[in-house]
> 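This is the structure I have questions about; it appears just below.
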Amino acid sequence: MLALDSPRRCLPTVPRTRPTSRPLPSIPRPLSCKACKTCITSCNAELPLSAIPPESPSFRGFSGKASLFTETYNVTLSTPKMELMSSGAYRLSEITCTKCTAYLGYKIVRAFEKSESWKESRFLLELAELENPWLDSSDSEDSS
Ligand SMILES: [Zn+2]
């Protein structure tokens, strides 16, 4: 039986802005929180080398090697605060896992050094805090 009270056929509306309580179905090559295995980001969200100025030194988080990402999931951002780094002043938000509140890295909200502005709104994640079967975290020299 078709609906009798609607003269036009309407496709059911798809709720597009429903809050996603679980990660998108196909996050390719996910990187998860080491402590609780929650998906935090994906290798595909890692900032491509082409977006990184060649003269830029490799990133370090506060506790070790880190990488910049364009997207994160299931994280909580703290209120941004100023930090003075070797490459200039930044306004940073600490990133913690929504589920287990483990520290994961920080978001670069604002870079005050003009040459560093490409880092703005990127997520710097500590690789040591992520389950990263996909990222080669060895210190082998990568020839480009
Ligand atoms: Zn966690």
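One-based numbering, in listed order, for ligands and for the atoms of each. This chain uses plain numbering: 1 for the first residue, then up along the sequence. Computed from a prediction, not measured in an experiment: that's the story for all the values here.
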> For Arg122, check salt bridge (charged side-chain N to carboxylate O under 4.0 Å, His left out) against everything at least two apart and list the hits.
none

> Short of 2.8 Å from the Zn ion (ligand 1), name each protein N/O/S atom, waters not counted.
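Within the sphere that stays under 2.8 Å of the Zn ion (ligand 1), the protein atoms of type N, O or S are Cys33 SG, Cys36 SG, Cys97 SG, Cys100 SG.
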
> Test side chain to side chain contact (heavy atoms under 4.5 Å, CB included) on Leu130 and Ile40 and set out the steps.
CA-CA 8 Å; Leu130 296 174; Ile40 300 301; 4.0 Å; yes

> Going by side-chain hydrogen bond (donor to acceptor under 3.5 Å, both in side chains), name the residues that satisfy it together with Thr70, two or more places apart in sequence or in a different chain.
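Scan of Thr70 (side-chain hydrogen bond (donor to acceptor under 3.5 Å, both in side chains), adjacent residues dropped) gives none.
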
> According to salt bridge (charged side-chain N to carboxylate O under 4.0 Å, His left out), who are the partners of Lys37, at least two apart in sequence or on a separate chain?
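Residues passing salt bridge (charged side-chain N to carboxylate O under 4.0 Å, His left out) with Lys37: Glu131.
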
> Check step by step if side chain to side chain contact (heavy atoms under 4.5 Å, CB included) holds for Thr98 and Thr38.
CA-CA 9 Å; Thr98 300; Thr38 299; over 6 Å; no

> Has Glu126 got a side-chain atom pairing as donor or acceptor with Leu104's backbone, closer than 3.5 angstrom?
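Answer holds: no.
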
